[in-house]
Each structure stands twice: as C-alpha cells, then as structure tokens.
Amino acid sequence: MFQPVPSKPDFVRQEHEILDFWKRTRAFQKLVELRKDGPRWSFIDGPITANNPMGVHHGWGRTYKDLYHRFWAMKGYQTRYQNGFDCQGLWVEVEVEKELGFRSKRDIENYGIERFVRKCKERVLRFAAVQTEQSIRLGYWMDWNDPEFLRDLARRIMENPQEVITVPGPHGPVTDTVEQIVGRLGLPELGGSYFTFSNENNYMIWTFLKRCWERGWLYKGTDVMPWCPRCATGISQHEIVTEGYQELTHPGVTLRFPLRGRPGESLLVWTTTPWTLTSNVAAAVGPDLTYVKVRQGDEVFYLSKGTLSILRGPYQVLEEMKGRALEGWTYDGPFDELPAQRAAGGPEAHRVILWDEVGEAEGTGIVHIAPGCGAEDFALGKQYGLPAIAPLDEEGTFVDGFGFLTGTSVVGSARRILENLQEKGLLYRVDNYTHRYPVCWRCGSELVFRLVDEWFISMDELRYDMMDVTRQIRWIPEFGLERELDWLRNMHDWMISKKRYWGLALPIWECKECGHFEVIGDEHELRERAVAGWDVFEGHTPHRPWVDAVRIACPKCGAEVSRIPDVGNPWLDAGIVSFSTLRYRTDREYWRQWYPADFITESFPGQFRNWFYSLLAMATVLEKSPPFKVCFGYATLLGEDGREMHKSWGNMIEFNEAADRMGVDVMRWLYCRQKPEADLLFGYGKADEVRRQFLLPLWNAYVFFVTYARLDEWMPGSAGFNLRYNLLDRWIRARLHQVVAKVTERLDDYDAYGATLALEPFLDDLTNWYIRRSRRRFWKSEHDEDKNTAYATLYEVLTTLCKVLAPFIPFVTEAMYQNLVRSVAQADSLRHEAPESVHHTLWPQADPAAVDEGLLARMDLARQIVSVGHAARNSANIKLRQPLARALVYVAQAESLRHGALEEELWALIQDELNVKELVQVADAADLVTYQVLPNNQLLGPRFGARFPAVRAALAAQDPMAVARRVRAGLPVHLTVAQADGLEEVELAPEEVLVQEKPKEGLAVASERGVTVAVDVVLTPELRAEGLAREVVRRVQNLRKEAGFELDDRIVTVYQAEGELAQAIGAWREYIAAETLSVELRAGEPEPGMATAEERVDGHPLRLGVRRI
RNA sequence: GGGCCUGUAGCUCAGUCGGUUAGAGCACUCCUCUGAUAAGGGAGUGGUCAGUGGUUCGAGUCCACUCAGGCCCA
C-alpha cells in the first residue's frame, strides 16, 4: 500500500533525504551502468572557475546542464557526466595574494614561486570541493570527486607534494606522488571532474601552440597594451569586458605647446592622462577639420573651431584654416628637459601630424601623441616613424631618465605633473572630466598603457576559417551566430602571454643570442630536446618554476635556450577541453566517438569572446571542424529588484542560503521557466510564487491521490475491474499525452522554457479541473468500475507526470515516484517495470491515439460556458452553493462549428458545475442578446482590397438583427455599396459575415467569445431550502476538520436551529447525514465532550455539536 | 561611432502567419469556493502596445527613422 504523505511538506528536508537516498543506493552510478551501451549524447562542460563558492547564477546554467543530461539518459543515451573546473590564471593568483596579504609581484617572489604555485593549486582544490558539494545539493548528477578526497589533496600538496600515495580509480588503485595525482585528476585512470591545471590539459595546449607556430601564426609583438600596475601584467582585449570599464573622473588638462619660430603662439592641447605628457612626441590634427588662430591677451592659440568654448575669457578670432595647413609645424614639448626625452630624440621629433580620427567631441581638436603610452598613438607613431618613449616599469613606476618623477608611481602622479607644468607656465586650464576608463577586471586598479613585448596568435588567416566553422553550429538563440561572427570580424590578434606565475607554462623557448624561438609540442619532445635541467623538472607538473629549469639548444646558433617566463592566457586552458578531456592525444578512437559535443551551454554575456571563441579557435586550428553542434546561451541573473546582485546593495543571495530557504526544486523550476534570452530576476518573492503555483499544487494532487487510495486500499493493477474511461478521464488522458509529446519535442530542441509553458497549464488542468470535477468519484462508498477507473487514470497521470518532470525537479518527483511506484512494486513481477529511481526510468512515449482533439476542443467550450455561467451568477450576486432552477446557454454558430456538439455527459458536467437544476441550450439568443455584425476581414480584405472600407461601412449601416437572421439561415447578404466611382452591388456569403452577440442589459447574463449564459435568479422555497442544507453541510464539514477527525470517521451530529433553517435541515436530513458521514443527525443540545460551533446561516442562528463514534 | 537585443497594465512578462474586442501572473478592491490545496475560482481597477513616418483594405506584429535601456565592439 502507498505510504501516508504529509499534506504540508517540508520540501527542503525532503531534498536532503533524497540526497541521502541517492548516495546510499548509488543511484547515479547505477544510471551510468544502465545506459552504458546506449547511443552517445556528448556534452562538454564549460569549466567553472574553482576560486570561490558558486553563486545562484551558476545554478541557472547548471540546472540546464543537469536537465539535459537527465533527459537524454531517460531516452536511453549514455553520456560522459564530466564536470570541469577552471584552475589556472590571474583570478586565482589575486585571491591567493589576498589570502597571504601580498601587494605586489615582489611579495610573491620573496615568498617563492614554487610555494606560491602550490598555494594556487591548494586554493583550487579547496573550492572545487566546495563547488562539488553545492552542485550535488542542486541535484546535479555528474561524476563528482569525493569532496573530502579533494580537501585531502589540498592539505597534502601544501604539506609534502612529493609524498607517494595510492588512491582508488575506476579501473583500480593509482599510485603516484601527491603532485602528480593532482596533475592527473580527471584523466581516465582517476575519473571525476576535469581540472584545467592537469598535465594533459597543459600538454595538449602545447600541441596546439606548436601547430600555430608551424603555420607561422605565433609571433612576438611589441605593442602598447593595457596594463595593470598592481598585477604587473598586461590585460588582453578579451579581458577588458563588462566590468573592465568604470566611470571615473580625471583631470582634463588643457595646456600650451609653444610653437617654434612663432613667438607668443601656442597649440592648445588636451589630455586626461597627464603622465603621458612626459613621453609626448607629436601633436595630431584632423586634416579636414577647421582650425582657428585666436588672440587672447598677448597670446595667440591654435585650436579647432568646434572647441572654442574651451577658451576662458574673451578672445578674438584672427584666422581660419584647415588642419592640413598646420602639418609639419614644430613645437616645444612639455618635458623636453628630461633625459629620456632627449635620449629618444623627442625634441627633434615634435611636430604636427595629420590623423583622420581626430574629432571635436572633447578637448581642443589637437591630440597629444605619445607612442609609448597608447595603442593608437603607437600605430600612428609607426606610420610617421616617430620614436616611442616608454616611461613606466612593470609596476607603474617611472623609470630612469624622468627627473623628478623617476622612482615614483604613476598612480597619483597627476598632481606633481600639473604643478610642474604650472611652474613652466604651460598650463592653460584644468577641469574634472568623467569618462569610461578601463580598470583591471580582477583587482579594480586603473589601467595604464605600456609598451611591451607580448606573444600573439595571428588572426589574419584563422579568423576566416573560424567563421566558416562558426556557421556550421546551431546557435540558440539564433542571434548568437551574428554575435560570434561580429566578434571574429573585429577581434585583434590573440594575446596569449601574461607576465605572471600561476598558469600554463607557454612552451616557447626563445634564444637570447640570435632571437630565434622554438615551440615545444609536448612532454616527450621536451625530454628529447632538453640539454639541461630535465632532472630538476622530472616528476613535476608542467608549471613554474620547475619547467623553467629545462634548457634546449638553439637550432640556429647552438646557444642554450630558456623558456620565456610568461604564462598563458587562461582561455587557452578552457578552450582546449574538447581535445584534452576526450583523449585526443592518447586514444583517438575515443575522441572520435565523443567529438564534437552535441551540446554546450553557458551564459552568453562574455563567452562569445572567451570560451566559445577559444573552443572555436582551437578546434579550427587542430581539426578545422566545429567542436560543438549546438550552443545554447542564456542571459544574466539579476537581483529581484532588477539590479546586479551585490553584497553591499543587500540583494545578494548566496547559493547555500537559497537552496535551504527555497529548496532547489523551486530554484530549478524558476530557472527553467525563464525565457533564456531575457535577464532573470532572482529572489524569494519569485521563488515563493513558483512554490505556490507549481510545486504545491503538484504535491497536493499527489496527496489527494494517496489519501484516498489508502482509504480504499487501491493498488495499481489491482481490483479486478475493467477500466471504463469517462469523459473526464478521456480528456485528462488526451491532455497528458498531448503534453508529453509537446515536452518531448521541446526538450529535443533544447527548449526547456517551451516545455515549462506546456507543463504549467497542464498541472492547472489536472488540479483545478480534472481532480476538482472528479472528487466525488473518489469519495463515494461503492468500490466500482468507475471508481477504479478514476484511480487508474489519476495514477497514470501522476506517474507519467513524475517522469516528465523528473529532469526539471528531480527531488520531488523522486519522492513521489518512490511512493507511487516503488512502494507498491516490491513483487518481483513488477520489478522490471519499476527501476529503483525515477531517474532510471525511460522517457514516456506519448500515445497519439489518446489525444482526442475533438474532445479537447469540446472541453474547452464547456469550460468557457462554465466560466461565463459563473460570471452570470456573479453579476446577480448569488453564491454558487445556492442551487438555481435553470440556466440558458447560447453558443454561437461559429463556436459550435469549431467545437462540435457537446455530448450529454459534458452538459451534465456544466449543469453540476453551475449548480442549476436544468440547463437549456437555446438556438436563438434573441432574448438574451443583441446582435452585432462584422465583416470577416480575413476573407473580405483580400476580396475587395482597397474597396473594402466602403463595403465595411455599408454592412455597418444594415440592421444587425436582419443580417444576423439571414446569416444564421445560411443566406447571402446583399449590399449596395457607395464607392468613389459609383454604386456597387455586392453579395456577401454567410461565412463572410461574422455575427456576434452581446448580452442584453440586465442581471444574470454574461457573454464572451460567442458564448452567452443566462441564469434564472428566482428562488423558490425548495431551492432556498436546498441552499440552506448545503450551508449546513459545509459548516459541519468545517467543524469536523477543526475537530481533527479523519476523513472516514463516522460521527454523531446534533444541531439547534429554528424556523426556515430547521425545516430545511429536516427536509434534507438524509443528504446532510450522508455528506457529513453522520450516522445520527438530530436536533438537540450538544453533549458534553462534543466539538461545537455557533454559526449564523443566512441570518439564522445554528448551533452544532459533533463527536466521533 | 558601429553591431546585436529589448521597449506591451503600477511591477514581471506572453502575444503564433499582419485579421474580429491586446492577454497572464503579481499587487490592489469586491465577491466566492473548499474534507487535496498555507490553495483555488470569478469580477473590477489598470493600456498613447516608447515615438514619428511608411507599406497595406487592415500594423502590437512588417519597413525606415528617432528616443530610452541592456549587451558587445570601437
């Protein structure tokens, strides 16, 4: 028999119980085993950065990932279930620096790179453990490592990385040093999540980079890069992203560049970065912009005409000229006294150059050019052969040759520079200027621009191949394709180097003697090529500092060559995973089976230029093929107030807190019911809505079923009755199979949202129509064919719904399944049909034969009639409990035709629902309604075209009643239409005219979409008595409930009432007794110990007493 | 400055192929139902479909432009 079910469930506690159940029964491992011979569905996980606990925004994506894994598994597919952790790169370094209280790279070097790198590994392992636990809590079924195992490795890697340990693996124990076990995580012999710091991941990137080098795409470039002075590293174009810009206020400095050979005359130049003035080389003007020569006091200035408002005080325009007229003029720079300026030849170079990009939106129309301090400046300097002066070292300190600035930081240098300019008399004015300025995306420091050597992959050829590959992929939503192509069209060469410590060791060995460089393709090649330092490196993972020890011989000059100290861009790490995790280097057959991924998904802001991009780049280089077939993107998770979540704004919700306050089924449904391309507003209000409108009704339907099935000891397949589906049964089964088909179709198309749009109305139909209308079938005392059919139908619906919902809300469906299916399937004969977990079951097949479209349409009409009938009753202010004599129903012809005639059973249902003694369908609603005739635009529009408005007007002028009669009788309508070119005789076919009814003014009539219902509001004494009797029943029922009686308790009821009420009770005695399970119903004083109530029924006092027998 | 997306009720959002009177949830007001329901049902209040112009017999829907917001790029 079914187990009793609490009507007020604690979903969160239940989720924890289910987690225990899954763990205890090894439910996930069993699923993998069950599907091991199935067809393959390949998923590649976009790695989550294992650097902090995961947030509720991760929950969104992980819900999709789990949903589709479960769906395909239920369809019989095997999948790889491999989660990924992103491990290397600046973001981890920054957090470790914070942990250790470091402020600069020098602190790291003093601490020791070796220990620092281990600290980074330790942090990653620690947070991988945390994220693993959180993911499990979400119900995300993956091949997870034991979090305690990861924590143990984290401890050991700090204590003694060379300790030899033995750990269990899927194919037997593995013995190695702690460092190497960590380096082998996620590989076939250890299983579990992949970690991008793994040996395989790193060496696979080496292979990729070597391929790029062989094709001549890898190069060292000198460029001016955005640079973070705190992190002391360049920031690539990929990284200056959403949070890469901030609104900042800087001094907007206007200053004089005195012109040589023109005494008293100066260019007016404007900048927001005073420190770059130290390295000024030229001044640029727009060739076609109009410039003016103005006198102010005894000075003469040049600036563009459109920026004259920058001048302070009166001025006189002396002359106008085009920018090209200024070309070649020479001037004295603001810092020509600095040795660095002189050494670089700055003073000799100072002149006016032309640049098309100069505008007048800000400044003076004359742009100060410092090729060592800005990317565009650098390009321009190259074009004009100007020297580039680089004033800053890695940490943003002025280098030698910059006088009073040397040895000081660029941060906060503006004040000293402005003072210096003031002393020299060059400063014209200073204003606050607010603009979007790039900042370091990890530490928030303002970026500067530095002239540096970095390593790049050229996009010249690659971008077009990548675009071809991109077009072969299905992007959901579709605009993803355009986004990705747009990025590919515009992106610069890919900067892959970073002057840091923790990350991919770029496999580039550059000869200091002759400048030649070699790229090493893997660990085997390195061993062969090594001429020194292999013994130092051997046994270590390919990270700094160990790999730095290895030297090779320069093939060009024979010199001993070291690796460049740079580490790699972290998107290399994530981009290689469609090769590294699929054994590309070691088991090509396996790789072929699983590549490309059928599906990937990530939040799309950002990923077009990051993970999607790097996956595409690497697959294009290595195989020139798409690494994934479908890319599903979703938007951004915001707080419920529509703003980004921030701790300081009070709208932040931690994952763990959300999980244990909302419950993760609620969270998961909330995620799935979101249109993915729209930002998700996440919060407790919305969660409560989901709980109340979806999860609770689902649970209530289940509670209802179990409650009565237990009373009746009903079991599936039991009873020995035939099934005879009544109308409601056939209807709900039609709906069920319709919905199963729809959900299957939507999930096949990776449209979880579309699936929820089908499921939510179905649940509503089930609870608010099928169950509500079927209640009496479960209540009645006979155990007959009809009752059995009702149970069987509801059982089929609930168990099927369980399966269809299982991928979305895996916990509550498991709880339901265990009770509905497992608890009654202990007999061996049923075992094979009842796997141990709902997640082991196969996806239900929709039965097209069950989907009776006609019935669905007729039920819609019936429900509409009910709805209109309710509205009619409502307008007369008559309670539904009060029976009425009759209702008149009129259904317009068009509606009847569309739906078909309603069967007797349906009319009975409507009659019962409206609580009327008689239901009369009227053929002519003339007494109920007035008519309105309208042209059928869809037919007449195309027929008459531009002549249509006149036809419409002519029709409107007719007597609606007369037209309606003709149309109703199937006769054409003749019109005389006044067109611009004279009168036109027109004949309209009946179907070309639409007849609508509107209820006549007055009480108790309502009308909607062709359906009109009128109710007879005259109350006879008999009807009144029946209404009162029903009131009494309800009061007794309430009393039973308050007294805590069981559903099937028999009772004794006594009452005290007078007059009309007493008569009504007398007249309806048997009815009241039967409804309330009263074996005795009599007038009298309540006995001592009875539960009692004092009521007023329609103004009459009523005293009740009840007791169990 | 360029690309992509969005703009519909107080809030959050649906709205199919251009076609009759633009819908839902939340919130608010009133009513109602209830032995599955901490629920449910009905009614009411609430709309310049961002704006302008165009195409069309007909535009929330298609086109152009403008405005506002978001994302991406410069």
Side-chain angles (χ1 to χ4, degrees), chain A residues 5 7-8 237 240-242 357 359 361 376 477-487 489-492 604-606 608-609 635-636 638 640-642 673-675 677-681 685-686 688-689 691-693 696-708 757 760-761 764 767-769 771-772 775 778-779 866-875 877-881 894 913 915 932-952 994 996 998 1006 1008-1010 1033-1034 1036-1042 1045-1049 1075-1077:
Chain A
V5 180
S7 60
K8 288 166 189 171
Q237 185 196 4
I240 301 182
V241 295
T242 336
E357 300 297 309
E376 289 167 318
E478 282 178 25
F479 65 75
L481 173 64
E482 227 7 84
R483 283 270 177 97
E484 190 63 49
L485 290 176
D486 187 55
W487 167 252
R489 268 190 292 268
N490 291 310
M491 84 157 294
H492 304 168
F604 49 52
F608 289 106
R609 73 176 161 260
T636 303
L638 302 174
E640 204 155 29
D641 53 8
R673 74 185 306 289
Q674 170 72 15
K675 194 198 256 184
E677 61 264 39
D679 290 346
L680 168 59
L681 274 47
K686 205 157 197 169
D688 201 47
E689 221 174 283
R691 191 181 59 82
R692 276 182 12 241
Q693 297 203 322
L696 222 41
L698 174 66
W699 187 260
N700 290 334
Y702 163 63
V703 169
F704 174 86
F705 173 82
V706 169
T707 303
Y708 286 97
L757 290 184
E760 287 191 347
D764 188 66
T767 59
N768 286 323
W769 196 244
I771 292 181
R772 195 159 67 78
R775 268 186 298 209
F778 296 92
W779 292 347
V866 167
S867 167
V868 173
H870 281 150
R873 291 189 67 118
N874 210 286
S875 70
N877 244 331
I878 301 168
K879 292 179 179 182
L880 192 50
R881 256 194 312 271
E913 183 69 23
N915 197 15
Q932 188 183 0
V933 294
L934 290 168
N936 187 333
N937 292 341
Q938 222 159 347
L939 298 175
L940 295 178
R943 178 176 160 194
F944 290 104
R947 305 172 78 79
F948 182 40
V951 176
R952 186 188 355 230
L994 300 172
Q996 284 186 357
K998 291 200 159 182
E1008 179 195 295
R1009 286 185 295 146
V1033 168
R1034 193 185 143 226
V1036 176
Q1037 303 288 38
N1038 274 347
L1039 187 54
R1040 281 184 64 119
K1041 202 172 173 183
E1042 281 165 24
F1045 295 173
E1046 295 299 318
L1047 281 180
D1048 53 346
D1049 283 339
E1075 286 293 308
T1076 59
L1077 299 184

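Lettering follows sequence order; numbering is per chain, from 1.
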Go through B:A36, B:G19, B:G3 for me and flag the one nearest to the A:Pro942 side chain. B:G19
Residue A:Phe948, side-chain atoms from C-beta onward, closest of B:G41, B:C57, B:G3: B:C57
Rounded to the nearest angstrom, tell me the gap between atom CD in A:Glu482 and atom P in B:C5. 8 Å
For B:C73, does either OP1 or OP2 sit under 4.0 Å from a side-chain N or O belonging to A:Arg609? yes
Say we look at B:G15 and B:U29: how far apart would their P atoms be, to the nearest angstrom? 31 Å
Candidate nucleotides B:G35, B:C57, B:A36, ranked by approach to the side chain of A:Arg1040 - the nearest: B:G35
Do A:Arg483 side-chain and B:C4 base share a donor-acceptor contact under 3.5 Å? yes
Residue matched to B:U16 through Watson-Crick or wobble contacts both under 3.5 angstrom: none
Shortest side-chain distance from A:Leu696, nucleotide among B:A38, B:G41, B:G35: B:A38
N/O to N/O distances under 3.5 Å, protein versus nucleotides 10-15 of chain B:
residue	atom	partner	partner atom	Å
B:A14	OP1	A:Lys675	NZ	2.2

Checking N1-N3 plus N6-O4 or O6-N4 for Watson-Crick, or N1-O2 and O6-N3 for wobble, each under 3.5 Å, the partner of B:A59 is none
Could you tell me the Watson-Crick or G-U partner of B:G1, where both distances fall under 3.5 Å? Say none if there is no partner. B:C73
Taking the minimum atom-to-atom distance to the side chain of A:Arg775, which one of B:U37, B:G35, B:G3 wins? B:U37
Applying a 3.5 Å limit to both distances, which nucleotide forms a Watson-Crick or G-U wobble pair with B:G7? B:C67
If you apply the rule salt bridge (Lys or Arg N to Asp or Glu O under 4.0 Å), what do you find for A:Arg489 with A:Glu482, and how did you get there? CA-CA 10 Å; A:Arg489 268 190 292 268; A:Glu482 227 7 84; 2.9 Å; yes
Identify which nucleotide among B:C5, B:G3, B:G41 has an atom closest to any side-chain atom of A:Asp486, counting heavy atoms from C-beta outward. B:G3
In whole angstrom, what separates A:Trp699's CH2 from B:U37's P? 14 Å
Provide the Watson-Crick or G-U wobble partner of B:G44, both distances under 3.5 Å; none if there is no partner. B:C28
Below the 4.0 Å mark, does B:A38 have OP1 or OP2 next to a side-chain nitrogen or oxygen of A:Arg692? no
Under 3.5 Å: donor-acceptor pair, side chain of A:Arg772, backbone of A:Asn768: yes
Residue A:His492, side-chain atoms from C-beta onward, closest of B:C26, B:G41, B:A74: B:A74
Under 4.0 angstrom between A:Gln693 side-chain N/O and B:U37 OP1 or OP2: no
Any donor-acceptor pair under 3.5 Å linking the side chain of A:Asp679 with the backbone of A:Ala635? no
